Amino acid sequence: MASGVKPRVKVPKKAAAGETITIKTLISHKMESGQRKDKEGNVIPRSIINRFTCDFNGENVVDVKLEPAISTNPYFEFEAVVPEAGEFAFTWYDDDGSVYDTTKKIAIE
Amino acid sequence: VAGLPKQGAAAATSDELIAAFTGGAEVGAGDIKLTAPEIAENGNTVPIEVSSGTATEILVLAMGNPTPSVATFKFGTLAASRAASTRIRLAGTQDVVAIAKLEDGSFVKTSSTVKVTIGGCGG
(Lines give C-alpha, C1' and ligand atoms only; values in the text may rest on other atoms or scores of the structure.)
Protein backbone atom coordinates (compact mmCIF):
# COMPACT_ATOMS: atom_id res chain seq x y z
CA MET A 1 0.00 0.00 0.00
CA ALA A 2 1.70 3.08 -1.19
CA SER A 3 -1.34 5.31 -1.53
CA GLY A 4 -1.84 8.37 0.58
CA VAL A 5 1.57 8.19 2.21
CA LYS A 6 2.74 11.69 2.93
CA PRO A 7 5.87 12.52 4.91
CA ARG A 8 5.93 15.70 6.97
CA VAL A 9 9.00 17.03 8.75
CA LYS A 10 9.65 20.11 10.82
CA VAL A 11 13.20 21.48 10.69
CA PRO A 12 14.26 25.06 11.46
CA LYS A 13 15.33 27.03 8.37
CA LYS A 14 18.41 28.44 10.07
CA ALA A 15 20.76 27.49 12.87
CA ALA A 16 24.08 28.62 14.27
CA ALA A 17 27.02 26.37 13.39
CA GLY A 18 27.22 23.58 15.95
CA GLU A 19 23.77 24.32 17.31
CA THR A 20 21.40 21.61 18.51
CA ILE A 21 18.03 21.60 16.80
CA THR A 22 14.86 19.59 17.40
CA ILE A 23 13.40 17.70 14.47
CA LYS A 24 9.85 16.38 14.33
CA THR A 25 8.71 13.92 11.70
CA LEU A 26 5.36 12.39 10.86
CA ILE A 27 4.33 10.17 7.98
CA SER A 28 0.77 9.21 7.18
CA HIS A 29 0.61 5.42 7.09
CA LYS A 30 -1.94 3.00 8.48
CA MET A 31 0.73 0.72 10.04
CA GLU A 32 -1.45 -2.41 9.77
CA SER A 33 -0.16 -4.54 12.62
CA GLY A 34 -1.00 -8.00 11.31
CA GLN A 35 -2.95 -8.60 14.52
CA ARG A 36 -6.33 -7.31 13.42
CA LYS A 37 -9.10 -9.34 11.79
CA ASP A 38 -11.65 -8.27 9.20
CA LYS A 39 -15.43 -8.89 9.44
CA GLU A 40 -15.04 -12.46 8.17
CA GLY A 41 -12.44 -13.22 10.82
CA ASN A 42 -9.50 -13.31 8.44
CA VAL A 43 -6.27 -11.79 9.67
CA ILE A 44 -5.46 -8.55 7.85
CA PRO A 45 -1.86 -8.95 6.66
CA ARG A 46 0.86 -6.85 8.25
CA SER A 47 1.79 -3.74 6.28
CA ILE A 48 4.02 -1.29 8.12
CA ILE A 49 6.95 1.03 7.71
CA ASN A 50 9.81 -0.97 9.19
CA ARG A 51 12.69 1.53 9.16
CA PHE A 52 13.20 5.27 9.41
CA THR A 53 16.48 7.11 8.97
CA CYS A 54 17.60 10.72 9.18
CA ASP A 55 20.95 11.84 7.74
CA PHE A 56 22.62 15.21 7.40
CA ASN A 57 25.10 15.72 4.54
CA GLY A 58 25.63 11.96 4.46
CA GLU A 59 26.20 11.57 8.20
CA ASN A 60 23.67 9.63 10.24
CA VAL A 61 21.52 11.25 12.92
CA VAL A 62 19.16 8.42 13.82
CA ASP A 63 18.28 5.02 12.41
CA VAL A 64 15.10 3.52 13.85
CA LYS A 65 13.75 0.02 13.43
CA LEU A 66 9.96 0.06 13.63
CA GLU A 67 7.78 -2.83 14.72
CA PRO A 68 3.99 -3.23 14.43
CA ALA A 69 3.64 -1.69 17.91
CA ILE A 70 4.40 1.76 16.47
CA SER A 71 1.16 3.73 16.15
CA THR A 72 -0.61 4.67 12.93
CA ASN A 73 1.07 7.68 11.28
CA PRO A 74 4.52 7.09 12.83
CA TYR A 75 5.84 10.13 14.69
CA PHE A 76 9.41 10.75 15.80
CA GLU A 77 11.03 13.62 17.61
CA PHE A 78 14.78 13.85 18.21
CA GLU A 79 17.70 16.29 18.29
CA ALA A 80 20.48 16.85 15.79
CA VAL A 81 23.68 18.87 15.68
CA VAL A 82 24.08 21.18 12.68
CA PRO A 83 27.83 21.53 11.99
CA GLU A 84 27.43 23.38 8.70
CA ALA A 85 24.87 24.43 6.11
CA GLY A 86 23.37 21.50 4.27
CA GLU A 87 20.47 19.20 3.85
CA PHE A 88 18.65 16.76 6.08
CA ALA A 89 17.50 13.61 4.30
CA PHE A 90 14.63 11.61 5.77
CA THR A 91 13.82 8.12 4.51
CA TRP A 92 11.05 5.69 5.41
CA TYR A 93 11.09 2.04 4.26
CA ASP A 94 7.78 0.23 3.73
CA ASP A 95 7.21 -3.55 4.10
CA ASP A 96 6.08 -3.61 0.47
CA GLY A 97 9.44 -2.32 -0.73
CA SER A 98 8.34 1.29 -1.22
CA VAL A 99 10.71 3.98 -0.04
CA TYR A 100 9.42 7.41 0.90
CA ASP A 101 11.81 10.29 1.29
CA THR A 102 11.97 14.00 1.76
CA THR A 103 14.73 16.54 2.34
CA LYS A 104 15.01 19.85 4.19
CA LYS A 105 17.72 22.43 3.68
CA ILE A 106 19.14 24.36 6.59
CA ALA A 107 21.25 27.53 6.44
CA ILE A 108 23.84 28.81 8.89
CA GLU A 109 22.99 32.20 10.37
CA VAL B 1 1.39 -12.38 28.17
CA ALA B 2 -0.94 -15.17 29.25
CA GLY B 3 -4.40 -14.81 27.79
CA LEU B 4 -3.36 -12.85 24.75
CA PRO B 5 -3.59 -14.47 21.32
CA LYS B 6 -0.20 -15.51 20.02
CA GLN B 7 0.66 -14.71 16.44
CA GLY B 8 2.04 -18.15 15.62
CA ALA B 9 5.05 -19.76 17.21
CA ALA B 10 7.40 -17.40 15.39
CA ALA B 11 6.74 -14.53 17.78
CA ALA B 12 9.88 -14.20 19.87
CA THR B 13 9.43 -13.86 23.61
CA SER B 14 10.69 -10.77 25.37
CA ASP B 15 13.49 -12.81 26.97
CA GLU B 16 14.68 -13.92 23.54
CA LEU B 17 14.52 -10.36 22.21
CA ILE B 18 16.53 -9.05 25.16
CA ALA B 19 19.11 -11.84 24.74
CA ALA B 20 19.41 -11.06 21.03
CA PHE B 21 19.99 -7.37 21.81
CA THR B 22 22.47 -7.83 24.65
CA GLY B 23 24.16 -10.99 23.41
CA GLY B 24 23.49 -12.47 26.83
CA ALA B 25 25.38 -9.75 28.71
CA GLU B 26 24.21 -8.72 32.15
CA VAL B 27 21.73 -5.84 32.20
CA GLY B 28 22.05 -3.40 35.09
CA ALA B 29 20.36 -0.18 36.07
CA GLY B 30 21.70 3.27 35.33
CA ASP B 31 21.91 5.71 32.48
CA ILE B 32 18.52 5.16 30.85
CA LYS B 33 15.26 7.00 31.25
CA LEU B 34 11.84 6.06 29.91
CA THR B 35 9.03 8.58 30.05
CA ALA B 36 5.55 7.14 29.60
CA PRO B 37 2.15 8.14 30.94
CA GLU B 38 0.91 6.41 34.09
CA ILE B 39 -2.54 6.05 32.56
CA ALA B 40 -3.22 5.95 28.81
CA GLU B 41 -6.83 6.37 27.79
CA ASN B 42 -6.19 5.04 24.31
CA GLY B 43 -3.76 2.18 23.80
CA ASN B 44 -3.61 2.92 20.08
CA THR B 45 -1.35 5.87 20.58
CA VAL B 46 0.68 6.17 23.76
CA PRO B 47 3.42 8.83 23.76
CA ILE B 48 6.78 7.65 25.09
CA GLU B 49 10.25 9.13 25.30
CA VAL B 50 13.55 7.35 25.84
CA SER B 51 16.74 9.14 26.80
CA SER B 52 20.21 8.32 27.99
CA GLY B 53 23.48 10.22 28.26
CA THR B 54 25.75 7.76 26.50
CA ALA B 55 23.59 5.17 24.73
CA THR B 56 24.45 4.11 21.21
CA GLU B 57 21.28 2.05 20.84
CA ILE B 58 18.00 1.81 22.72
CA LEU B 59 15.57 -1.11 22.47
CA VAL B 60 11.94 -0.61 23.50
CA LEU B 61 9.68 -3.53 24.40
CA ALA B 62 6.03 -3.72 25.42
CA MET B 63 5.99 -6.80 27.60
CA GLY B 64 2.24 -7.40 27.34
CA ASN B 65 1.78 -7.05 23.59
CA PRO B 66 1.24 -10.09 21.33
CA THR B 67 4.69 -9.31 19.90
CA PRO B 68 6.77 -7.42 22.45
CA SER B 69 9.07 -5.57 20.02
CA VAL B 70 8.31 -1.88 19.65
CA ALA B 71 11.34 -0.13 18.19
CA THR B 72 15.13 0.07 18.19
CA PHE B 73 16.75 3.49 18.05
CA LYS B 74 20.35 3.81 16.82
CA PHE B 75 22.02 7.16 17.31
CA GLY B 76 24.44 8.41 14.67
CA THR B 77 27.37 10.83 14.80
CA LEU B 78 25.12 13.89 14.42
CA ALA B 79 22.57 12.96 17.07
CA ALA B 80 22.69 15.88 19.53
CA SER B 81 21.22 13.82 22.34
CA ARG B 82 20.57 10.16 22.88
CA ALA B 83 16.87 10.78 23.14
CA ALA B 84 13.81 10.26 20.98
CA SER B 85 10.04 10.42 21.29
CA THR B 86 7.42 8.41 19.46
CA ARG B 87 3.92 7.00 19.84
CA ILE B 88 3.26 3.34 20.44
CA ARG B 89 0.44 0.80 20.68
CA LEU B 90 -0.25 -1.10 23.88
CA ALA B 91 -2.64 -4.06 23.98
CA GLY B 92 -3.50 -3.46 27.62
CA THR B 93 -2.10 -2.47 30.99
CA GLN B 94 1.51 -3.61 31.06
CA ASP B 95 5.17 -2.78 31.59
CA VAL B 96 7.08 -0.93 28.89
CA VAL B 97 10.80 -1.68 29.00
CA ALA B 98 13.73 0.26 27.57
CA ILE B 99 17.21 -1.26 27.34
CA ALA B 100 20.17 0.85 26.30
CA LYS B 101 23.54 -0.22 24.98
CA LEU B 102 26.03 2.30 26.36
CA GLU B 103 29.25 3.54 24.77
CA ASP B 104 31.31 1.39 27.14
CA GLY B 105 29.52 -1.72 25.90
CA SER B 106 27.42 -2.31 28.99
CA PHE B 107 23.63 -2.59 29.05
CA VAL B 108 21.14 -0.83 31.30
CA LYS B 109 17.42 -1.24 31.65
CA THR B 110 14.42 0.61 32.99
CA SER B 111 10.69 0.01 32.89
CA SER B 112 7.45 1.84 33.43
CA THR B 113 3.95 0.51 34.02
CA VAL B 114 1.24 2.01 31.83
CA LYS B 115 -2.45 1.51 32.64
CA VAL B 116 -4.43 1.25 29.42
CA THR B 117 -8.17 1.88 29.36
CA ILE B 118 -8.77 0.85 25.72
CA GLY B 119 -6.35 -1.66 24.14
CA GLY B 120 -4.57 -0.91 20.90
CA CYS B 121 -4.12 -4.21 19.13
CA GLY B 122 -7.36 -4.41 17.19
CA GLY B 123 -9.44 -7.53 16.81
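Chain letters run A, B, ... following the sequence lines, proteins first and then strands; every chain starts at 1. Since we're looking at a predicted model, the values are computed, not measured.
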Practice task
Under the side-chain contact (heavy atoms from CB on, under 4.5 Å) rule, what do B:N65 and A:Q35 come out as? Steps first, then yes or no, please.
Solution key: CA-CA 10 Å; B:N65 274 4; A:Q35 299 286 342; over 6 Å; no

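- Both the backbone and the side chain of A:T72 come within contact range of chain B, judged by heavy atoms closer than 4.5 Å.
- The backbone N or O of B:R87 lies less than 3.5 Å from a partner atom in the side chain of A:S71, making a donor-acceptor pair.
- Within residues 75-85 of chain B, the residues having any heavy atom under 4.5 Å from a heavy atom of chain A are, by residue number, B:F75, B:G76, B:T77, B:L78, B:A79, B:A80, B:S81, B:A83, B:A84, B:S85.
- The nearest pair of heavy atoms linking B:T86 to A:Y75 is OG1-O, 2.7 Å.
- Nearest heavy-atom pair across B:R89 and A:K30 is NH2-O, 3.4 Å.
- In this structure A:P74 satisfies the side chain to side chain contact (heavy atoms under 4.5 Å, CB included) test together with A:I27, A:H29, A:M31, A:L66, A:I70, A:F76, sequence neighbours excluded.
- At a threshold of 4.5 Å between side-chain heavy atoms, the hydrophobic network of Ile, Leu, Val, Met, Phe, Trp and Tyr places A:F88 and A:L26 in two separate groups.
- Cluster annotation: A:Y93 and A:V5 are assigned to distinct hydrophobic clusters (Ile/Leu/Val/Met/Phe/Trp/Tyr, side-chain heavy-atom contacts under 4.5 Å, transitive).
- With a 4.5 angstrom heavy-atom cutoff, A:I48 does not touch chain B via any of its atoms.
- Residues that satisfy the side-chain hydrogen bond (donor to acceptor under 3.5 Å, both in side chains) test with A:D55, not counting sequence neighbours, are A:N60.
- Under the 4.5 Å side-chain heavy-atom criterion for ILVMFWY residues, a single connected hydrophobic cluster contains both A:Y100 and A:V62.
- Listed by chain and number, the residues in a side-chain hydrogen bond (donor to acceptor under 3.5 Å, both in side chains) with A:E32 are A:R36 (sequence neighbours excluded).
- Under the 4.5 Å side-chain heavy-atom criterion for ILVMFWY residues, no single connected hydrophobic cluster contains both A:V99 and A:W92.
- Contact record, B:A71 with A:E67: N-CG, 4.1 Å, taken as the closest heavy-atom pair.
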